[in-house]
Amino acid sequence: MTSETTLDTAELLGSTRLFSTLPEDALRHIAAVAVPRAFPSGTAIFHVGDPGEACYVIRSGHARAIGEHPDGRQITLGNFGPGDIFGEFSLFDAETRSATVEALDDVETLAILGSDLKAQVVANPELGLALASALARRLRIANQRIERRSFQTVQGRVAAAIRELVDRARAEGAGPGPTKIVATQAEIAQLAGTSRESASRFLAELSRAGVVQQGRGRMVVIDPPALEGWVW
Ligand code: CMP
């Protein structure tokens, strides 16, 4: 990368939660070795079982990790937006990719080789702590999903999935009132771990109750507090 681009990239990395504790020289070092990679909406960034050589930090756009059954059913394992990292598991456990990751819209990333990331972790223990914290957060969210799928009704799971998307939209700057989320009914169903038909029936009920307003591939959650009543 040119030094000007490296400076921009270092600034971008420094603004993410993961890299924010790193000193300037470490940020510049990672920026100098990071490779910009773009993926059009709907493409697979990598597939489950691929060798994992690099992780990715999202500059813009959104992606999701998918679990797939051989019969074609899918569930969403994780959602990623600007500033998030993905593809880090296989760098640290030396296994192949644990899931397929797909671009939900046009995605711009910075790819960082595993060897470069690990060298920075050794040189900057705070990066190791930040990675451990990010992994703990992912495990916590995964536990919540396991609990929901074991104990909650379909309605509760769909409501919780919509709340997760509302929380994400707010983390990306949406205000506290009615909140627009970009997701198809199929994506919401996959996040809730249910069929599209069941999710669609409940979404129609939420629309009739004035809690959400559905559009094509997106919806506005008009009354987020009312949604809470459905979650447990
Ligand atoms: P990796 O196994 O290299 O490739 C798939 C990626 O999806 C994985 O790294 C993580 O970055 C991400 N991923 C897999 N499972 C989850 C999960 N439960 N929550 C969040 N991210 C996940």
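Just so you know, ligand 1 is whichever comes first in the structure, and atom 1 is the first atom listed for that ligand. Both backbone and side-chain heavy atoms feed into the values below; hydrogens, waters and symmetry mates do not.
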Checklist entry - Given R168 and E164, is the side chain to side chain contact (heavy atoms under 4.5 Å, CB included) satisfied, shown in steps? => result CA-CA 6 Å; R168 171 161 287 281; E164 202 174 311; over 6 Å; no

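- Under a 4.0 Å criterion applied to the non-hydrogen atoms of S90, ligand 1 contributes the atoms 1 (P), 2 (O), 3 (O).
- Not a single donor-acceptor pair under 3.5 Å links the side chain of S133 to the backbone N or O of L129.
- Residue contact check: F86 has heavy atoms under 4.0 Å from atoms 11 (O) of ligand 1.
- Only side-chain heavy atoms of A65 come within less than 4.0 Å of ligand 1; its backbone N, CA, C and O stay farther off.
- Taking a cut-off of under 4.0 Å to the non-hydrogen atoms of S98, the atoms of ligand 1 that pass are 1 (P), 2 (O), 4 (O), 5 (C), 8 (C), 14 (C).
- Less than 4.0 angstrom separates some heavy atom of F46 from each of these atoms of ligand 1: 4 (O), 5 (C).
- The shortest heavy-atom distance from G52 to ligand 1 is not under 4.0 Å.
- Taking distance alone, with nitrogen or oxygen atoms compared against 3.5 Å, R97 approaches ligand 1 more closely than that limit.
- Scanning all protein heavy atoms for the shortest distance to atom 6 (C) of ligand 1 gives G87 N, 3.9 Å.
- Taking a 6.0 Å sphere around CZ of R17, one finds it holds 12 or fewer heavy atoms contributed by other residues, nucleotides or ligands.
- For the pair Q120 (side chain) and L117 (backbone), a donor-acceptor distance under 3.5 Å is absent.
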Checklist entry - Step by step, would you call L131 with F92 a side chain to side chain contact (heavy atoms under 4.5 Å, CB included)? => result CA-CA 10 Å; L131 274 161; F92 290 105; 3.6 Å; yes

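- Salt bridge absent: R201 and E197 never bring a charged side-chain N and a carboxylate O closer than 4.0 Å.
- Both the backbone and the side chain of E88 come within 4.0 Å of ligand 1, counting heavy atoms alone.
- For atom 14 (C) of ligand 1, the nearest non-hydrogen atom of the protein is F89 CE2, 3.5 Å.
- Judged by distance alone, with hydrogens and angles left aside, the side-chain atoms of R157 form no donor-acceptor pair with the main-chain N or O of A199 at under 3.5 Å.
- Nearest non-hydrogen protein atom to atom 19 (N) of ligand 1 is L77 O, 3.3 Å.
- For the pair F80 and ligand 1, the shortest N or O to N or O distance does not fall below 3.5 Å.
- Remark: the backbone N or O of Q185 is not paired with any side-chain donor or acceptor of R196 at under 3.5 angstrom.
- Near R138, with a cut-off below 4.0 Å to any heavy atom, the atoms of ligand 1 are 11 (O), 20 (C), 21 (N).
- Of the possible donor and acceptor atoms, one in the side chain of T109 sits under 3.5 Å from a partner among the backbone N and O of R37.
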